[in-house]
Enquirer: 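Input: one structure, supplied below.
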Number of protein chains: 4
Amino acid sequence: MPERGPSRGRPRDIDVDRRILIAARDLLLVNGYAALSIDEVADRAGVAKTTLYRRWPTKDHLIVAVVALMQDDVPILDTGDIRADLTDYLRQVADGLNTMRRAGLPEGADDRSAGVVAEVAAAAARHADLGTLIRAVFARRNAMAIGLLASAVRRGALRTDLDVAVLFDQLVGPLYYRILVTGEPVDHPYLDLIIDGALRGARPSHAHPA
Amino acid sequence: MPERGPSRGRPRDIDVDRRILIAARDLLLVNGYAALSIDEVADRAGVAKTTLYRRWPTKDHLIVAVVALMQDDVPILDTGDIRADLTDYLRQVADGLNTMRRAGLPEGADDRSAGVVAEVAAAAARHADLGTLIRAVFARRNAMAIGLLASAVRRGALRTDLDVAVLFDQLVGPLYYRILVTGEPVDHPYLDLIIDGALRGARPSHAHPA
Amino acid sequence: MPERGPSRGRPRDIDVDRRILIAARDLLLVNGYAALSIDEVADRAGVAKTTLYRRWPTKDHLIVAVVALMQDDVPILDTGDIRADLTDYLRQVADGLNTMRRAGLPEGADDRSAGVVAEVAAAAARHADLGTLIRAVFARRNAMAIGLLASAVRRGALRTDLDVAVLFDQLVGPLYYRILVTGEPVDHPYLDLIIDGALRGARPSHAHPA
Amino acid sequence: MPERGPSRGRPRDIDVDRRILIAARDLLLVNGYAALSIDEVADRAGVAKTTLYRRWPTKDHLIVAVVALMQDDVPILDTGDIRADLTDYLRQVADGLNTMRRAGLPEGADDRSAGVVAEVAAAAARHADLGTLIRAVFARRNAMAIGLLASAVRRGALRTDLDVAVLFDQLVGPLYYRILVTGEPVDHPYLDLIIDGALRGARPSHAHPA
DNA sequence: GTATAATCGAGACGGTACGTCAGGTCTTACG
DNA sequence: CGTAAGACCTGACGTACCGTCTCGATTATAC
């Protein structure tokens with residue numbers, strides 16, 4: 001939607017965007033949100049602060065951009081085995097979350113910490129536009145996973161009276177809950193338990209329809 | 001836990017604690033975390049900053065204290081009707097979250113925002129002690145709810161092979177997920193759907209073992 | 001002095017110079033030096049910043065150009081009545097100074113302020129070339145006035161042992177001093193007093209020629 | 001006039017003022033106005049920037065404070081020999097001006113430059129309060145010199161129909177004029193010429209033995 | 001009572017980062 | 001070439017808030 005006419009003036013240097021995002025991501029993962037300063041990002045990216053601010057008007061905006069980028073590329077495939085596909089998907093989500101949870105923590109510190117994840121949620125709360133943006137990113141990714149469930153319903157692998165959106169929440173919600181609130185680990189065994197719990201009542205019950 | 005010996009010198013003014021917490025809570029609910037400054041809290045409470053810092057060494061500590069206070073009193077009762085009890089419990093949790101979600105938002109703004117909830121999670125991530133503390137608060141409250149489920153299992157209202165902790169996560173997790181991440185509403189109909197989904201596979205299957 | 005060879009490529013648009021100077025002058029008189037930004041001048045003149053910088057390499061250069069332009073045309077005539085001629089001359093100088101003194105001041109503000117005059121002096125201090133330039137402008141104008149005095153000396157209206165340059169300084173210096181330093185008014189009565197003072201000892205003393 | 005009641009809170013550290021002013025003066029004299037940055041002053045003074053800004057809200061304010069300090073202590077004495085006293089006074093003024101004129105200039109550069117003097121005048125023009133302040137400083141110093149002239153009038157060393165304020169302007173004005181405008185030197189011979197010119201017509205003309 | 005000790009109010013202080021502004025340079029596309 | 005447009009770099013500005021420190025004035029217990 002930019003669509004800035006026949007392109008007047010010096011065009012933006014796309015490489016600059018890249019360098020900034022990389023610098024920001026590196027600093028974010030190493031030092032965490034608080035210790036990341038715009039000055040340092042600009043410095044590392046070899047860019048003037050003004051140039052950075054032209055693109056992201058706020059530290060929060062920058063961080064959200066970084067996170068959005070990190071979340072963007074989650075390949076999802078529908079093999080027909082709903083359980084296997086869900087496992088695969090949840091593991092990717094969990095990996096991403098665990099990475100951000102550890103961001104900025106001294107090597108080996110107990111990672112019962114929400115780290116960057118919470119900061120991003122907070123950032124989204126502070127700026128309406130960021131809320132919209134980040135939710136769009138998540139919605140896009142979730143849509144694919146929800147499609148997975150819907151397709152399973154269509155081919156009879158799951159009950160037809162399911163609210164797949166709710167089922168999805170019950171798969172993913174617990175991960176965020178542990179990361180953001182209780183600080184408990186989100187590892188593969190846990191994911192299996194979650195999937196067990198969610199699918200237990202979701203399979204079609206041959207004999208008696210609810 | 002303070003245990004300050006045979007008490008020498010001028011004793012602390014307990015009323016001061018109260019005034020600070022009230023001031024902080026008010027500002028927090030009205031303006032949100034970022035816009036709350038220690039200077040202003042102290043000013044409002046009619047208290048010197050030193051006095052405040054003697055009690056809470058950090059802005060984060062103060063905020064967490066405020067939130068902990070707000071979460072403290074959630075009565076839970078076990079009527080024997082597991083579905084009714086869960087509904088009651090989840091509604092209380094949802095109410096608390098929705099209140100904090102709205103904190104600092106301009107009246108009537110669309111409250112698709114994590115507001116204070118995220119800030120607290122972030123604060124907990126920044127200070128190990130706060131993480132421990134806030135998790136203890138949650139653990140205590142959760143323990144009661146998990147007890148509810150366990151008792152239901154014992155009396156045969158739920159399957160015996162359930163992991164009640166996981167079941168609990170699948171009940172509560174979606175609420176936090178919506179509040180903190182997707183920004184979707186967490187209202188009574190949604191709670192019913194969540195409970196439906198969770199209990200669907202959790203009831204004992206007399207005739208047919210899944 | 002430019003002397004750009006056999007003139008290749010597109011010739012400069014002379015009108016551009018004019019528009020820039022006009023825009024700069026207007027902004028200078030309205031807002032004063034500090035509030036005048038090159039971007040705004042260019043914008044007003046409907047000119048690219050590059051174009052402006054091709055002509056004046058610095059904000060200071062531009063401002064000096066503007067001021068030089070304003071000072072340029074001070075007609076001086078030698079009627080033979082030294083006192084009347086001096087009065088005429090000093091009034092013109094005072095008018096120019098008073099105009100610049102008021103530049104950038106909120107309407108009706110007490111104009112005990114050096115305004116643009118001081119800024120130009122400062123600009124001249126910052127760039128050697130501007131110093132030379134502005135001094136040349138003043139020298140040219142002063143030379144005419146000094147010529148006035150010299151002619152008076154020649155025809156016996158003033159003492160022959162006078163250092164006319166010093167006499168000139170004592171006529172003009174006080175005006176700048178008031179404008180730049182004390183902020184006191186420089187009006188017609190004051191000019192008369194200055195001329196009185198300067199001429200008092202400068203007239204030939206019939207009885208005893210020093 | 002501060003008069004801040006019974007002195008509440010931590011009192012200002014007077015030494016901080018001193019250190020800041022010294023640092024500022026040093027940097028000013030070495031580098032000139034433009035190259036003096038608040039950050040560096042604070043750094044040199046071993047002081048937080050905020051501490052500096054608590055005292056002087058603007059770079060201009062700080063510089064004016066520095067200059068005011070440098071001008072403050074000009075001893076004037078009335079020996080009865082008006083010409084000698086004036087010479088003494090003007091030399092002090094000229095010394096101060098010449099020092100500031102040279103501020104920030106590369107060693108040995110031609111000092112046909114207004115340097116700091118003009119910047120201060122400009123600063124005074126930008127901030128009304130600074131104008132008032134600096135004029136008060138000058139007024140105080142000038143009052144003493146004008147007193148010198150008045151006393152000379154009283155004892156018959158100068159004509160009684162003199163406007164001593166105007167006479168004073170004609171003594172001092174030329175110095176500022178040369179410094180700020182023409183860039184010509186202000187040395188001892190010049191001072192003598194100025195005094196000659198001013199006193200020539202100012203002596204009582206009874207027998208007037210020049 | 002009088003020393004001792006801690007609390008409280010007030011506000012200065014050091015520090016860190018923020019986001020902004022303006023001056024000047026560079027890079028496009030177009031005449 | 002010159003011009004328009006606008007991105008870019010540089011450097012500094014003034015601000016905000018945090019958490020610490022230094023006063024003087026209280027208010028308690030201990031001797």
Side-chain angles (χ1 to χ4, degrees), chain A residues 4-13 16 34-40 42 46-59, chain B residues 4-13 16 34-40 42-43 45-60, chain C residues 4-5 7-13 16 34-40 42-43 45-60 62, chain D residues 4-13 16 34-40 42-43 46-60:
Chain A
R4 260 178 295 117
S7 172
R8 309 267 246 155
R10 178 175 174 175
R12 291 232 178 133
D13 185 339
V16 161
L36 176 154
S37 84
I38 295 285
D39 284 79
E40 198 179 351
V47 148
K49 244 198 316 178
T50 33
T51 300
L52 194 159
Y53 275 107
R54 191 174 300 116
R55 291 164 164 77
W56 299 280
T58 280
K59 178 175 169 178
Chain B
R4 259 176 298 114
S7 175
R8 302 250 253 163
R10 178 174 175 174
R12 291 224 179 139
D13 183 342
V16 160
L36 175 153
S37 81
I38 292 286
D39 286 79
E40 199 179 352
D43 204 57
V47 148
K49 259 204 298 179
T50 334
T51 304
L52 194 158
Y53 274 107
R54 193 173 297 117
R55 291 162 166 78
W56 298 278
T58 279
K59 177 175 169 178
D60 282 339
Chain C
R4 262 176 294 116
S7 174
R8 301 251 254 161
R10 177 173 172 177
R12 291 223 181 142
D13 183 341
V16 160
L36 176 153
S37 79
I38 294 285
D39 285 79
E40 198 179 352
D43 204 58
V47 148
K49 259 203 299 181
T50 334
T51 304
L52 193 158
Y53 274 108
R54 193 172 297 116
R55 291 163 166 76
W56 298 278
T58 278
K59 177 175 170 179
D60 283 338
L62 174 58
Chain D
R4 261 178 292 117
S7 171
R8 311 267 245 149
R10 178 173 176 176
R12 292 230 178 135
D13 185 341
V16 161
L36 176 152
S37 83
I38 294 285
D39 285 80
E40 198 178 352
D43 204 57
V47 147
K49 242 201 313 181
T50 33
T51 300
L52 194 158
Y53 275 108
R54 192 173 300 117
R55 290 163 166 76
W56 299 280
T58 281
K59 180 175 168 178
D60 282 340

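Side chains are part of it too, since the values below use all heavy atoms of this structure and drop only hydrogens, waters and symmetry mates. Letters A, B, ... are given to chains in the order of the sequence lines, protein chains preceding strands, and every chain is numbered from 1.
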Enquirer: Enter the distance from B/Thr51:OG1 to B/Arg12:CZ here, rounded to the nearest 0.5 Å.
Expert: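 The OG1 atom of B/Thr51 sits 9.5 Å away from the CZ atom of B/Arg12.
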
Enquirer: Would you kindly give the CG-to-P distance between D/Asp39 and F/dT10, to the nearest whole Å?
Expert: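 Checked: the CG to P distance equals 17 Å.
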
Enquirer: In whole Å, what is the span from the CZ atom of B/Arg54 to the C1' atom of E/dA5?
Expert: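 One finds 12 Å between C1' of E/dA5 and CZ of B/Arg54, rounded.
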
Enquirer: So if I take the C1' atoms of five pairs at each end of the helix from E/dG1-F/dC31 to E/dG31-F/dC1 and get each local axis, what angle do the two axes make, rounded to 10 degrees?
Expert: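 Between the axes fitted at each end of the helix from E/dG1-F/dC31 to E/dG31-F/dC1 lies an angle of 10°.
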
Enquirer: Does C/Thr51 make a side-chain N or O approach to OP1 or OP2 of F/dA4 shorter than 4.0 Å?
Expert: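 Yes.
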
Enquirer: Under 4.0 angstrom, heavy atoms only, what part of the nucleic acid is A/Leu52 near: base, sugar-phosphate, or nothing?
Expert: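 No contact.
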
Enquirer: Sequence neighbours excluded, which residues qualify as side-chain contact (heavy atoms from CB on, under 4.5 Å) partners of D/Thr50?
Expert: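 Scan of D/Thr50 (side-chain contact (heavy atoms from CB on, under 4.5 Å), adjacent residues dropped) gives D/Ala48.
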
Enquirer: In this structure, how many angstroms lie between the C1' atom of F/dC13 and the CG atom of D/Asp60, rounded?
Expert: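 Rounding to the nearest Å, CG of D/Asp60 and C1' of F/dC13 are 12 Å apart.
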
Enquirer: According to a strict under-4.0 Å criterion, is B/Arg12 in side-chain N/O contact with OP1 or OP2 of E/dA6?
Expert: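 For E/dA6, neither OP1 nor OP2 has a side-chain N or O of B/Arg12 closer than 4.0 Å.
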
Enquirer: Can you tell which of E/dG23, E/dG14, E/dC18 lies closest to the side chain of D/Val47?
Expert: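 Within the option list, the nearest is E/dG14.
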
Enquirer: Just to verify, what does D/Ala42 make a side-chain contact (heavy atoms from CB on, under 4.5 Å) with, not counting sequence neighbours?
Expert: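 Scan of D/Ala42 (side-chain contact (heavy atoms from CB on, under 4.5 Å), adjacent residues dropped) gives D/Lys49, D/Leu52.
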
Enquirer: With hydrogens left out and only the distance checked, is there a donor-acceptor pair under 3.5 Å joining B/Lys49's side chain and the base of E/dG9?
Expert: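 It does not, because no donor-acceptor pair links the side chain of B/Lys49 to the base of E/dG9 below 3.5 Å.
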
Enquirer: If you apply the rule side chain to side chain contact (heavy atoms under 4.5 Å, CB included), what do you find for A/Leu36 with A/Glu40, and how did you get there?
Expert: CA-CA 7 Å; A/Leu36 176 154; A/Glu40 198 179 351; over 6 Å; no

Enquirer: Mind checking salt bridge (charged side-chain N to carboxylate O under 4.0 Å, His left out) for B/Arg54 and listing every partner two or more places apart, or none if nothing turns up?
Expert: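 B/Arg54: no salt bridge (charged side-chain N to carboxylate O under 4.0 Å, His left out) contacts found.
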
Enquirer: Could you tell me whether B/Thr58 contacts a base, only the sugar-phosphate backbone, or nothing, with contacts defined as non-hydrogen atoms closer than 4.0 Å?
Expert: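 The answer is sugar-phosphate, as B/Thr58 gets under 4.0 Å only of primed atoms, P, OP1 or OP2.
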
Enquirer: Any donor-acceptor pair, under 3.5 Å, between the side chain of A/Arg10 and the base of E/dT28, if you only look at N and O atoms?
Expert: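 Under the 3.5 Å cut-off, the side chain and the base do not form any donor-acceptor pair.
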
Enquirer: Which residues satisfy the salt bridge (charged side-chain N to carboxylate O under 4.0 Å, His left out) test with D/Arg10, sequence neighbours excluded?
Expert: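 Per chain and number, D/Arg10 pairs via salt bridge (charged side-chain N to carboxylate O under 4.0 Å, His left out) with no residue.
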
Enquirer: In whole angstrom, give the distance that lies between atom CG of A/Asp13 and atom P of F/dG6.
Expert: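 A/Asp13 atom CG is separated from F/dG6 atom P by 18 Å.
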
Enquirer: What is the distance from CG of D/Asp43 to P of E/dG14, rounded to the nearest Å?
Expert: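 To the nearest whole Å, that distance equals 12 Å.
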
Enquirer: Round to a whole Å and report the spacing from CZ of B/Arg55 to P of F/dG19.
Expert: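 The distance from CZ of B/Arg55 to P of F/dG19 comes to 17 Å, rounded to the nearest Å.
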
Enquirer: How long is the line joining CD1 of D/Ile38 and C1' of F/dT15, in whole Å?
Expert: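 From D/Ile38 CD1 to F/dT15 C1': 13 Å.
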
Enquirer: Please list, chain by chain and in numerical order, all residues satisfying side-chain contact (heavy atoms from CB on, under 4.5 Å) with C/Thr58, sequence neighbours excluded.
Expert: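 side-chain contact (heavy atoms from CB on, under 4.5 Å) list for C/Thr58, sorted by chain: C/Asp60, C/His61, C/His127.
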
Enquirer: Taking only the side-chain nitrogens and oxygens of D/Arg8, find out if one of them lies under 4.0 Å from OP1 or OP2 of E/dG9.
Expert: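 The answer is no; no side-chain N or O of D/Arg8 sits under 4.0 Å from OP1 or OP2.
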
Enquirer: Distance check needed: E/dG15 P versus D/Tyr53 OH, whole Å only.
Expert: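 So the OH-P distance, D/Tyr53 to E/dG15, works out to 17 Å.
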
Enquirer: Taking for each residue the nucleotide of DNA chain E with the nearest heavy atom, is it C/Ala35 or B/Ala48 whose nucleotide lies nearer the 5' end?
Expert: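 Its nucleotide being nearer the 5' end, the pick is B/Ala48.
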
Enquirer: Is A/Thr50 side chain donor-acceptor paired with the F/dT10 base, going by distance under 3.5 Å alone?
Expert: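 Side chain to base: pair present.
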
